[in-house]
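Scroll down for the structure; my scribbles are underneath it.
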Amino acid sequence: FPVTIKNESWFPNANFWNVFLRVQEKVGESVRRLFFFTRNGVNGAALFAEKKLNHLLLEPFVVDGTGAVDRFYKAEVVDVVPALDAVFLNIGLDKLVMLKKDDVRMPESSLDGSVVFTGSKDLQRGDRLLVRLNAQAYADRGAQVTCNWSLAGERLVYLPETDKLTVSQKITDAQVRQQILEQLRELAEPFEGWVVRTQSAESKASELFVEAESLRQEWKQICFEFLDWLAHSDQPPGTILGGADFWDLAIRKFAAFTVD
């Protein structure tokens, strides 16, 4: 999987993966170990479980202005195009991005000072939105963004502002699926949805609850920074949590993962 860094294509080569193979040899069969590494200026974190690479996180680079996939962005409406039923947004990249009006969720403050999101309305230039990047810009195509947000953990995917509860289709045992759904209904709060990933099939309920709370806190932090941006009209669009370095983000991401 190539990564564009400083206008050059970088990808893990044979030597890169040999390092991981040597790590696997040192990891016990039942040990879960988290490694942080730097190679050729690229920072990363890797979780090994049962001598297999379970999760790999590489630092997203945006120096070429194409954006970082799965990162959240503070977006400002630059143009409204009725013929396309879409708006064009400035999210701090080299090019504007397009968002269909049906996909828009507008922020509104709730009574407790938090932020809630409602369906689309008549948008105007200068309106501000929270979006997530789905795909980087490539050639003449701009980056793709959405207001259908999600935050992925090791066992769960958090779907804020929905009520969808789903179990991975790869978990085929009907009894296990029913048990997981019951656990989901227990941990789910109003206006939040969850997707249970395949590796959750043998997870304990306590592990799901811990990871769920970690993902909730990550979402609250995203909303907090977005609200702060709404209150300061002089601040430009850009990434959410853009001030945090990779190591801080990586530790937050793996905070709920079970590691020896």
Side-chain angles (χ1 to χ4, degrees), residues 32 34 45 47 54-55 57 60 68-75 103-119 128-134 145-168 171 177 179-231 239-259:
R32 299 168 61 83
L34 181 60
L47 176 67
N54 180 279
H55 203 91
L57 183 67
V69 174
D70 289 335
R71 288 291 292 273
F72 285 80
Y73 285 80
K74 299 167 283 191
D103 196 16
V104 170
R105 294 188 194 177
M106 295 294 298
E108 293 183 5
S109 296
S110 62
L111 294 176
D112 62 1
S114 61
V115 62
V116 295
F117 295 87
T118 61
R128 294 185 160 194
L129 305 172
L130 175 66
V131 299
R132 183 175 66 88
L133 196 77
N134 274 350
V145 297
T146 181
C147 287
N148 292 317
W149 308 299
S150 63
L151 288 168
E154 181 185 12
R155 303 173 181 87
L156 298 169
V157 178
Y158 183 42
L159 308 173
E161 304 294 321
T162 73
D163 56 3
K164 179 180 179 182
L165 301 178
T166 307
V167 179
S168 168
I171 300 177
R177 291 180 65 86
Q179 182 180 352
I180 292 174
L181 276 174
E182 290 174 3
Q183 293 172 348
L184 276 183
R185 294 188 185 104
E186 254 187 86
L187 69 83
E189 295 180 355
F191 305 109
E192 65 176 23
W194 297 95
V195 177
V196 175
R197 308 182 73 172
T198 306
Q199 48 266 57
S200 299
E202 299 179 2
S203 296
K204 299 177 182 177
S206 59
E207 293 173 331
L208 296 181
F209 274 82
V210 169
E211 181 166 309
E213 187 55 33
S214 176
L215 292 171
R216 284 192 189 106
Q217 292 304 316
E218 187 177 351
W219 173 245
K220 286 179 181 177
Q221 183 63 32
I222 289 170
C223 290
F224 176 81
E225 184 168 330
F226 179 68
L227 277 175
D228 183 68
W229 181 62
L230 290 180
T239 57
I240 293 284
L241 300 178
D245 66 14
F246 171 75
W247 306 116
D248 180 48
L249 293 172
I251 290 171
R252 291 187 197 183
K253 188 70 177 176
F254 285 106
F257 284 34
T258 303
V259 178

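Below, each value reflects all heavy atoms present in this structure, side chains not excepted, and no hydrogens, waters or symmetry copies.
- Here E211 contributes atom CD and Y158 contributes atom OH; the two are 13.0 Å apart, rounded to the nearest 0.5 Å.
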**Study point:** Full working for side chain to side chain contact (heavy atoms under 4.5 Å, CB included) between V196 and S168
**Key:** CA-CA 6 Å; V196 175; S168 168; 5.8 Å; no

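- In this structure, R71 and I240 approach most closely via the heavy-atom pair NH2-O, 3.4 Å.
- Side-chain atoms of R105 do not come within 3.5 Å of backbone N or O of W149 as any donor-acceptor pair.
- In this structure a side-chain-to-backbone donor-acceptor pair under 3.5 Å is missing from R155 to A212.
- Of all heavy-atom pairs between L208 and L156, the closest is O-CD1, 3.5 Å.
- A distance of 9.0 Å separates CG in L130 from CH2 in W229, rounded to the nearest 0.5 Å.
- Of all the heavy atoms in T239 and K74, the pair that sits closest is O-CE, 3.4 Å.
- One finds the CH2 atom of W194 at 14.5 Å from the CG atom of L181 (value rounded to the nearest 0.5 Å).
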Exercise for review: Evaluate the side chain to side chain contact (heavy atoms under 4.5 Å, CB included) criterion for residues Q221 and E218: first the C-alpha distance (whole Å), next the side-chain angles of each, then the deciding distance (0.1 Å), finally the verdict.
Suggested key: CA-CA 5 Å; Q221 183 63 32; E218 187 177 351; 5.8 Å; no

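- Around the CG atom of D163, the shell of radius 6.0 Å holds no more than 12 heavy atoms that belong to other residues, nucleotides or ligands.
- The CD atom of E161 sits 6.0 Å away from atom CH2 of W219, with the distance rounded to the nearest 0.5 Å.
- In this structure a side-chain-to-backbone donor-acceptor pair under 3.5 Å is missing from R197 to V157.
- Counting heavy-atom neighbours within 6.0 Å of F209 CZ, excluding the residue itself, gives a total above 12.
- Listed here is the closest heavy atom pair of V104 and C147: CA-SG, 4.1 Å.
- Residues L187 and E192 share a closest heavy-atom pair of O-OE2, 3.7 Å.
- When all heavy atoms of L184 and T166 are compared, the closest pair comes out as CD1-O, 4.1 Å.
- For the pair E182 and R185, the salt-bridge criterion is not met [side-chain N within less than 4.0 Å of a carboxylate O].
- With rounding to the nearest 0.5 angstrom, the CD atom of E225 is 12.0 Å from the CZ atom of F72.
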